[in-house]
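Take a look at the structure below.
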There are 2 protein chains.
Amino acid sequence: MTSLRDVARVAGVSMKTVSRVVNNDPKVAPATRQRVQQVIEEMNYRPNLLARGLANGKTSTAGIVINLTADDVFGYPLFSDSLRGIAEALNNRLDMLLHLGHGKFPYLDLFHRHRVDGLILMNIPMDDPNLRGLLDSGLPCVFTCRLAADETRANWVDPDFASGAEQVIDHLVALGHTRIGVLAGPNHLFSAHERVRGVREGLKRYGLELDERLVCYGELFTGSGRRLAKHIMAQPDPPTALICSDDLMACEAIYALHELGYDVPDDVSVVGWDDSSLAPVFRPPLTSVRQDAYQKGALAAKRLLQLIAATDPEPPQQTLLPMSLIIRESTARVNQRRENYSAQQVAKTGS
Amino acid sequence: MTSLRDVARVAGVSMKTVSRVVNNDPKVAPATRQRVQQVIEEMNYRPNLLARGLANGKTSTAGIVINLTADDVFGYPLFSDSLRGIAEALNNRLDMLLHLGHGKFPYLDLFHRHRVDGLILMNIPMDDPNLRGLLDSGLPCVFTCRLAADETRANWVDPDFASGAEQVIDHLVALGHTRIGVLAGPNHLFSAHERVRGVREGLKRYGLELDERLVCYGELFTGSGRRLAKHIMAQPDPPTALICSDDLMACEAIYALHELGYDVPDDVSVVGWDDSSLAPVFRPPLTSVRQDAYQKGALAAKRLLQLIAATDPEPPQQTLLPMSLIIRESTARVNQRRENYSAQQVAKTGS
DNA sequence: CTGAAAGCGCTAACAC
DNA sequence: GTGTTAGCGCTTTCAG
């Protein structure tokens with residue numbers, strides 16, 4: 001493996017001069033530059049990024065931290081979109097060091113150990129123990145999620161989940177729904193709470209109140225959907241509509257509803273989330289809240305490049321992305337028969 | 001950032017001793033080990049992988065090279081599956097450095113510059129100029145594709161495209177098809193040629209011959225599908241069935257056939273490839289050749305770990321993965337009316 | 001079992 | 001414009 005020293009020796013110049021040529025330092029005589037460049041070609045010299053990084057503290061590498069298993073990340077189409085956005089925005093200016101893992105893993109090690117230039121963090125729980133240390137460290141980092149309502153120190157790009165939820169409520173209330181259940185998502189994710197907040201405020205606008213017994217928190221994507229849906233439907237005066245934290249969850253909820261003998265959407269309306277590629281092809285096609293994951297990733301990456309390029313620390317920048325409701329066939333006007341039945345149940349319970 | 005030197009100073013031992021503790025070298029007195037470990041905890045010391053890599057030439061990082069744009073990689077479900085397989089098999093023993101890019105990019109730089117411990121390479125063209133240098137370098141690397149029929153120096157894991165194609169032929173011939181067109185895929189990919197070889201040999205088994213005018217090479221996934229399908233259908237005595245290099249290509253071909261006034265599968269049968277998540281949900285659902293991309297990635301990663309762990313150079317290992325035909329609704333018995341029409345055309349041309 | 005010295009390949013700071 | 005010196009944080013000899 002030819003080193004800078006070898007090039008210097010062959011070209012008959014100092015190592016520093018070679019270094020200057022490699023780094024496009026203008027203070028090199030054209031003749032010298034050319035000679036050095038030729039030797040570099042001939043010897044097929046490539047700078048050792050480890051040595052460079054060790055010497056100057058930069059590695060040309062961005063760490064991508066996703067607090068999910070590889071199975072979830074690559075299994076659910078949304079992350080692929082975000083990663084695609086990141087990759088394109090980075091445009092080969094930074095290589096990507098991917099770090100996946102679920103739970104409270106010490107991802108700060110990515111920085112500590114690999115000395116990445118910056119981090120993009122996705123799906124980070126609010127109570128993540130690394131958070132404070134990370135923000136204090138001054139390492140450029142951008143989140144594609146929010147961490148807490150008042151977190152103003154961090155750079156983030158995040159969809160406006162509350163607004164998405166309010167749009168869902170507008171839609172459902174227009175269809176006559178008043179009892180609405182929420183499979184909110186993981187309790188430790190800010191987005192889950194925003195979703196519930198949006199539902200609550202949306203209902204309030206119509207003089208309705210969210211029955212907190214119809215709100216369930218649970219994991220993303222897999223496993224808990226059926227159980228939670230059944231739990232909610234087992235409450236007194238069960239809801240006529242279910243709002244889910246993602247499309248997979250919605251699919252599971254629909255499955256559970258079928259097992260309970262309900263028809264979707266005739267008996268119960270179900271709303272998915274993310275408008276993933278699943279949504280249009282599922283039967284029934286899912287009404288879902290669309291987020292632009294590609295753009296989310298791209299904006300985060302662009303911001304990271306800015307932060308890394310900046311000489312002075314930049315003030316944090318926070319971007320709220322709009323969400324929009326895509327209406328398909330998993331939601332429908334509330335079933336009169338069931339509504340009456342529910343009303344009777346309430347009367348009975350109330351007596 | 002606390003360094004090994006700091007730890008050594010505080011613990012009152014030499015740097016080498018700290019190094020031994022960090023690297024689990026057994027030749028350390030238990031008391032010393034414990035003291036050092038405690039100081040490491042207290043000071044929150046993390047080894048600098050750059051420095052370590054510079055000193056010993058190992059980086060705990062695997063380069064993942066995919067010769068496609070990020071758009072293709074994350075847009076087509078198959079790569080996500082492979083990446084998921086890789087990530088899980090690597091099991092955090094190696095970090096993943098992702099390098100995407102289409103064309104003859106100098107991906108050897110990943111090795112040269114980042115000094116990765118090994119490479120997993122996907123979708124590499126046979127005429128890749130880096131190939132020889134890469135194989136000569138002795139860097140552990142595993143391909144999830146073949147490079148040439150006689151390439152025995154490389155480690156690879158690849159589906160048996162020829163066998164997949166033969167299964168397709170069995171299916172199509174059973175349905176009465178004898179004139180079969182192939183949208184083979186990129187000319188520079190070995191898989192494309194294997195696909196055509198399988199078709200040719202498959203037909204031969206039935207005493208049929210592949211009309212080479214009905215074979216077209218083109219890019220993967222996007223763009224060329226419609227044009228190529230139309231080109232093939234414009235040949236004298238056009239085929240009654242089209243075999244495509246991927247499911248997206250099949251979708252495009254079907255689109256083009258509709259534009260030409262053909263019905264699928266009544267007039268022309270179309271076979272997709274990969275059995276991606278697209279296949280079952282497209283209208284008509286695609287008959288497609290299934291490959292287990294997850295397993296392909298997982299096996300490649302496992303092999304890479306072996307190669308890296310090995311002290312002596314290991315003999316290359318080559319794994320051919322089975323493919324299976326999933327029959328859906330885009331293929332059907334050949335249309336008698338058209339068959340007669342084609343026969344007339346042949347008669348006319350022949351006269 | 002432990003330590004001292006040298007060096008991995010590069011760049012920063014300062015000469016000239 | 002160019003060269004010299006020192007050192008980034010670690011591991012590898014090789015001694016003890």
Across nucleotides 6-16 of chain D, 5' to 3', mark each nucleotide with B, S or - according to how protein heavy atoms within less than 4.0 Å reach it.
-BBBBSB----

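Comment: B:D158 engages B:R146 in a salt bridge, judged by a side-chain N to carboxylate O separation of less than 4.0 angstrom. Salt-bridge check for A:K16 with A:D25: failed, with every basic side-chain N at 4.0 Å or more from each acidic carboxylate O. Remark: B:R303 engages B:E314 in a salt bridge, criterion side-chain N to carboxylate O under 4.0 Å.
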Let's go through A:T61 and A:D95 carefully: what are the C-alpha distance in whole Å and the side-chain angles of both, what is the deciding distance for side-chain hydrogen bond (donor to acceptor under 3.5 Å, both in side chains) to 0.1 Å, and is it a yes or a no?
CA-CA 5 Å; A:T61 305; A:D95 290 303; 5.0 Å; no

Check step by step if side-chain contact (heavy atoms from CB on, under 4.5 Å) holds for A:H188 and A:M126.
CA-CA 6 Å; A:H188 58 259; A:M126 291 186 289; 5.6 Å; no

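Around CD of A:Q34, the count of heavy atoms belonging to other residues, nucleotides or ligands within 6.0 Å does not exceed 12.
In the 5' to 3' direction, nucleotides of DNA chain C lying under 4.0 Å from heavy atoms of chain B begin and end at C:dC1 to C:dG9.
A distance of 6.5 Å separates CD1 of B:I124 from CZ of B:F143, quoted to the nearest 0.5 Å.
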